[in-house]
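Right, one structure below, let's go through it.
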Amino acid sequence: MGIEEVLDAIRAGKPILVYDFDDRERESDLTIASEFITPQILGMMRKEAGGLVCTTTPYRVAKELGLPFMSDVFWDDCGKYPLLKAMAPTDIPYDNTKSSFGITINHRDTYTGITDKDRALTIKAYAETIFQDKPAAEIQADLGKHFRAPGHVHLLNTSERILKSRKGHTELCTALMYMAGVKPSATICEMMGDDGGSRSKESVAAFAKEHGIPMIDGETVIEEWGKFIARTGMEV
């Protein structure tokens, strides 16, 4: 499907589907710009996708605000908890870099944090908070005031240079947000199959056609991202 149809859907607050690569996870993620998340979309992700709902943060934003990779948190505390060192994610079968998982959060106005309404509140408010046009110290204060950790929304940090060292859904979907001109945080959820595994590319394509959801693959995203970076000179 053409990139413009995908980007138009993102700008309109609609979900899209992103398949990565045949030689990587071989998974498709139901994806939406975090700023447009709603309880209804969360319900769709839970029922139609079924994977883990996660929200992405660009590396530079995460670094500036002090939002760590969870693997770094574990590593820094492995002196006190040696098991964390033994369990370091050094053998991810589809990736040669560390896990993109960051911390988990709930908005302080949530109750349990897991309902569709609670997670939508957390995600939308998170995207609104981290991209404010004000000093990092003030944004950090807002994060501390409005969010608690751990929680029920899993944050993902992109690699330092998007789609260079790592080409996962975290990077693919965040790149699409940049290209669409929305706040560059994506909320994603893997499409699971009824057979206990991930849903096949062909099955997801049929689902996309049935529901009128634009679908794009990783190779196309990388190609378009290269053009976008060359045209804009953006460094992310």
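Computed from heavy atoms alone, side chains included, the values below leave out hydrogens, waters and symmetry copies.
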Check: Would you call His146 and Glu128 a side-chain contact if the rule is heavy atoms closer than 4.5 Å?
Finding: no
Check: Would Leu163 end up clustered with Tyr59 when hydrophobic side chains under 4.5 Å apart are linked, directly or stepwise?
Finding: no
Next item on the list: For residues Thr55 and Ser185, report the shortest heavy-atom separation together with the two atoms involved.
Entry: CG2-OG, 3.3 Å
Notebook entry, point to check: Would you call the rings of His154 and Phe101 parallel, tilted or perpendicular if under 30° counts as parallel and over 60° as perpendicular?
Noted result: perpendicular
Next item on the list: Taking only Lys NZ, Arg NE, NH1 and NH2, and the carboxylate oxygens of Asp or Glu, determine whether Glu235 and Arg60 approach each other closer than 4.0 Å.
Entry: yes
Check: Given His169, which of Glu27, Glu190, Glu25 fulfils the side chain to side chain donor-acceptor pair (under 3.5 Å) condition?
Finding: Glu25
Item checked: Exam field: side chain Glu64 to backbone Val61, donor-acceptor pair closer than 3.5 Å -> no
Check: Is the side chain of Asn106 donor-acceptor paired with the backbone N or O of Thr122 at a distance under 3.5 Å, no angle test?
Finding: no
Notebook entry, point to check: Under 3.5 Å, is there a donor-acceptor pair between the side chain of Thr31 and the main chain of Asp29?
Noted result: yes
Check: When clusters are formed by joining ILVMFWY residues with side-chain heavy atoms under 4.5 Å apart, either directly or through shared neighbours, do Phe69 and Leu65 land in the same one?
Finding: no
Margin query: With side chain to side chain contact (heavy atoms under 4.5 Å, CB included) as the criterion, how do Thr110 and His152 come out once you've worked through the C-alpha distance, each side chain's angles and the decisive distance to 0.1 Å?
Written below: CA-CA 10 Å; Thr110 62; His152 291 83; over 6 Å; no
Next item on the list: Would you check if Val53 and Ile123 make a side-chain contact, meaning some heavy-atom pair closer than 4.5 Å?
Entry: yes
Item checked: Neighbour count above 12 (heavy atom, 6.0 Å) for Arg11 CZ -> yes
Notebook entry, point to check: Do the non-hydrogen side-chain atoms of Met179 and Val221 ever get within less than 4.5 Å of each other?
Noted result: yes
Next item on the list: For Asp20 and Lys167, indicate whether the former's side chain and the latter's backbone hold a donor-acceptor pair under 3.5 Å.
Entry: no
Next item on the list: With side chain to side chain contact (heavy atoms under 4.5 Å, CB included) as the test, would you mind laying out the steps for Lys85 and Trp75 before giving the verdict?
Entry: CA-CA 6 Å; Lys85 183 176 182 180; Trp75 187 260; 3.7 Å; yes
Margin query: Please determine whether side chain to side chain contact (heavy atoms under 4.5 Å, CB included) holds for the pair Ile41 and Thr187, giving the CA-CA distance in whole Å, both sets of side-chain angles, and the decisive distance to 0.1 Å.
Written below: CA-CA 10 Å; Ile41 293 294; Thr187 293; over 6 Å; no
Next item on the list: Check Gly212 against Pro214 and note the closest heavy-atom contact, atom names and distance.
Entry: O-CD, 3.8 Å
Next item on the list: Given side chain to side chain contact (heavy atoms under 4.5 Å, CB included), test Met70 with Ser99 step by step and report yes or no.
Entry: CA-CA 8 Å; Met70 186 54 68; Ser99 168; over 6 Å; no
Margin query: Counting neighbours of NZ on Lys134 that are heavy atoms of other residues, nucleotides or ligands and sit closer than 6.0 Å, is the number greater than 12?
Written below: yes
Margin query: Run the side-chain hydrogen bond (donor to acceptor under 3.5 Å, both in side chains) test on Thr158 and Thr174 for me, step by step, so that the C-alpha distance in whole Å, both residues' side-chain angles and the decisive distance to 0.1 Å come before the verdict.
Written below: CA-CA 8 Å; Thr158 72; Thr174 303; 5.8 Å; no
Margin query: Has Asp195 got a side-chain atom pairing as donor or acceptor with Gly197's backbone, closer than 3.5 angstrom?
Written below: yes
Notebook entry, point to check: Within a strict 4.5 Å, meaning less than it, do heavy atoms of the Tyr126 and Val153 side chains meet?
Noted result: no
Notebook entry, point to check: In terms of the angle between their ring planes, are Phe147 and His107 parallel, tilted or perpendicular, with boundaries placed at 30° and 60°?
Noted result: perpendicular
Item checked: Side chains of Met44 and Ile213 in contact at under 4.5 Å (non-hydrogen atoms) -> yes
Check: Below 4.0 angstrom, N of the basic side chain to O of the carboxylate: do Lys145 and Asp142 qualify?
Finding: no
Next item on the list: Compare all side-chain heavy atoms of Ile32 with those of Met45 and state whether any distance is below 4.5 angstrom.
Entry: yes
Next item on the list: Indicate, with yes or no, if Ile16 and Tyr178 share a hydrophobic cluster defined by side-chain heavy-atom contacts under 4.5 Å among Ile, Leu, Val, Met, Phe, Trp and Tyr.
Entry: yes
Check: Can Phe74 be reached from Met87 by stepping across I, L, V, M, F, W or Y side chains whose heavy atoms are under 4.5 Å apart?
Finding: no
Check: With a 4.5 Å limit on heavy-atom distance, are the side chains of Val204 and Leu30 in contact?
Finding: no
Check: Is there a donor-acceptor pair under 3.5 Å between the side chain of Ser34 and the backbone N or O of Lys124?
Finding: no
Next item on the list: Using the rule that two of Ile, Leu, Val, Met, Phe, Trp, Tyr join whenever any of their side-chain heavy atoms come within less than 4.5 Å, decide whether Leu17 and Phe21 are in one cluster.
Entry: yes
Check: Do side-chain atoms of Ser100 reach the backbone of Thr170 as a donor and acceptor pair under 3.5 angstrom?
Finding: no
Next item on the list: Over 60° means perpendicular and under 30° means parallel, so classify the ring planes of His211 and Phe207, tilted if in between.
Entry: tilted
